[in-house]
Amino acid sequence: MAESKFHSILYETSADGKVAYVTLNRPERLNAIDAHMPLEIRAAVRQANLDPSVHCIVLRGSGAGFCGGYDLELFAASALRGATAGSQDASQGYEPFRDYLLMGECTACYAELFHSHKPTVAQVHGAAAAGGSDIALSCDLVVMADDARIGYPPARVWGCPTTAMWAHRVGMERAKRMLLTGDLVDGREAAAMGLVLRSVPRAELAAAVRLLTDRIKSVPVNQLWMQKQMINSTFEAQIAASQRLATVFDGITRNSPEGIAFQGLAADKGFKAAVAARDEPGRTPSYRKVWKSSL
């Protein structure tokens with residue numbers, strides 16, 4: 001089993017060398033995205049693509065979940081001090097191009113999963129929230145645990161999903177439902193709406209992914225490449241345009257009056273307090289109960 005050394009991920013291959021496993025590996029922070037992770041995801045995908053033995057790539061998370069999004073202790077609470085990339089000091093005007101260069105690079109790293117010459121499969125347990133959903137939904141196929149959750153809560157305040165995969169996966173109305181509410185949905189609901197391929201009990205997740213990759217790895221690499229390129233070509237121009245706009249809007253949301261207020265609250269009271277204030281209208285039991293009963 002081949003292994004490579006990275007800072008925020010693990011890379012290894014199966015015993016037969018045909019499956020590359022990329023594991024997000026910051027379990028103490030729920031695999032939150034740091035400055036290393038986007039670049040290392042891209043490097044790992046490229047490494048797998050250059051390995052003639054690898055037929056497909058599985059992306060998963062260590063510890064309690066897949067990925068909880070950007071590490072906002074790095075990117076939110078301390079950003080007001082100018083130490084990290086969050087809202088800018090806009091007293092002299094907001095510089096959108098500087099922000100676009102930073103977030104555009106992250107988007108391009110995640111998009112490597114979509115553009116990979118070899119199929120990519122996300123294995124999601126726990127949560128794939130915010131930036132974590134960007135990563136998961138950039139994969140070709142997503143298999144979730146029934147009790148896992150996926151969504152983009154920063155759609156409420158302080159974010160726009162830069163990979164812009166929602167409408168391409170579930171269509172206009174369901175994408176609007178997700179991004180106009182910022183809701184998280186469990187694996188069963190995600191599969192029912194067509195956001196992910198399949199949802200299975202948590203104890204069966206690894207086995208379900210393995211059954212899928214066993215089928216994929218029995219197909220010649222060149223055949224996998226041709227089928228994926230043929231399908232991707234239908235969507236590539238639309239996705240590229242959506243990602244440019246979404247990445248610009250992501251910067252604007254973090255520097256809007258509401259975005260700056262959210263970040264200020266995170267710096268003053270802590271990120272959990274800021275999230276509680278942001279999400280309270282959608283967290284009421286009556287809202288969840290009524291919505292669930294209507295499905």
Side-chain angles (χ1 to χ4, degrees), residues 9 11 13-14 18-24 31 41-42 44-46 48-49 51 54-61 65-67 109-129 131-152 161 163-171 174-175 178 185-202 204-236 238-239:
I9 69 169
Y11 179 95
T13 56
S14 58
K18 292 187 176 183
V19 182
Y21 290 95
V22 179
T23 305
L24 309 181
N31 299 319
I41 290 172
R42 177 164 64 187
V45 171
R46 291 179 176 178
N49 278 314
D51 185 340
V54 170
H55 286 232
C56 60
I57 303 164
V58 173
L59 184 67
R60 58 192 181 182
F66 179 79
C67 177
C109 289
Y110 307 147
E112 197 83 17
L113 293 157
F114 176 79
H115 295 294
S116 168
H117 299 313
K118 298 174 181 180
T120 55
V121 181
Q123 176 180 312
V124 176
H125 75 291
S133 68
D134 277 329
I135 295 172
L137 297 180
S138 294
C139 292
D140 299 314
L141 304 169
V142 182
V143 181
M144 287 183 67
D146 289 342
D147 61 354
R149 296 171 300 149
I150 191 168
Y152 199 87
T163 60
M165 296 301 294
W166 293 86
H168 300 292
R169 281 182 168 269
V170 296
R174 287 186 175 88
M178 294 299 297
V185 297
D186 63 24
R188 294 183 186 89
E189 189 172 348
M193 72 169 68
L195 181 65
V196 304
L197 175 66
R198 189 181 177 196
S199 173
V200 299
R202 172 69 181 91
E204 300 173 15
L205 179 60
V209 170
R210 189 163 53 251
L211 285 172
L212 181 60
T213 58
D214 282 348
R215 290 292 292 164
I216 293 173
K217 73 183 187 181
S218 67
V219 178
V221 170
N222 58 19
Q223 189 78 2
L224 294 170
W225 171 70
M226 286 185 281
Q227 302 299 346
K228 177 170 175 175
Q229 294 308 306
M230 181 269 295
I231 297 168
N232 276 16
S233 67
T234 306
F235 302 98
E236 282 173 344
Q238 298 174 42
I239 290 174

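Starting from 1, each residue takes its place in the sequence as its number.
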Only residue of Val142, Val143, Leu141, Val170 satisfying side chain to side chain contact (heavy atoms under 4.5 Å, CB included) with Val196 is Val142

Of Val121, Val45, Leu24, Thr120, the one forming a side chain to side chain contact (heavy atoms under 4.5 Å, CB included) with Leu59 is Leu24

Heavy atoms of Met165 and Phe114 approach each other most closely as CE-CD1, 4.2 Å

Ile231 vs Asp140, test: side-chain contact (heavy atoms from CB on, under 4.5 Å). Steps then yes/no. CA-CA 10 Å; Ile231 297 168; Asp140 299 314; over 6 Å; no

For Leu205 and Ala145 the tightest heavy-atom approach is CD1-N, 3.9 Å

For Lys217, the side chain to side chain donor-acceptor pair (under 3.5 Å) test, sequence neighbours excluded, returns Asp16, Asp214

Paired with Val185, the side chain to side chain contact (heavy atoms under 4.5 Å, CB included) test is passed by just one of Arg149, Met144, Met178, namely Met178

In this structure, OG of Ser116 is separated from CZ of Arg42 (nearest 0.5 Å) by 13.5 Å

Check: Heavy-atom count around His117 NE2 within 6.0 Å, excluding the residue itself: above 12?
Finding: no

Notebook entry, point to check: Do the non-hydrogen side-chain atoms of Leu224 and Lys118 ever get within less than 4.5 Å of each other?
Noted result: no

Output for pair (Ile135 CD1, Phe66 CZ), nearest 0.5 Å, gives 6.0 Å

Rounded to the nearest 0.5 Å, the CG atom of Leu137 sits from the CG atom of Leu195 at a distance of 5.0 Å

Go through the steps to decide whether Val58 and Val209 satisfy the test side-chain contact (heavy atoms from CB on, under 4.5 Å), and finish with yes or no. CA-CA 8 Å; Val58 173; Val209 170; 4.0 Å; yes

So CE of Met226 and CD of Gln229: to nearest 0.5 Å the spacing works out to 10.5 Å

Hits for side chain to side chain donor-acceptor pair (under 3.5 Å) against Thr163, two or more places apart or cross-chain, chain-then-number order -> Asp134

Practice prompt. Give a yes or no answer on whether the side chain of Asp146 reaches the backbone of Arg188 with a donor-acceptor pair at less than 3.5 Å.
Written response: no

Heavy-atom count check: over 12 atoms from other residues, nucleotides or ligands less than 6.0 Å from Arg198 CZ?
no

When rounded to the nearest 0.5 Å, the distance separating NZ of Lys228 from SG of Cys56 is 10.5 Å

Shortest non-hydrogen pair, Lys18 vs Ser14, comes out as N-OG, 3.3 Å

Heavy atoms of Ser133 and Trp166 approach each other most closely as OG-CZ2, 3.8 Å

Heavy-atom nearest pair, Val54 first then Ala48, reads CB-O, 3.7 Å

One should read off an interatomic distance between His115 NE2 and Ile239 CD1, to the nearest 0.5 angstrom, of 7.0 Å

Between Cys109 and Ile41 the two heavy atoms that sit nearest each other are O-CG2, 4.3 Å

Could you tell me whether a side-chain N or O of His55 sits under 3.5 Å from a main-chain N or O of Ser218, the two making a donor and an acceptor? no

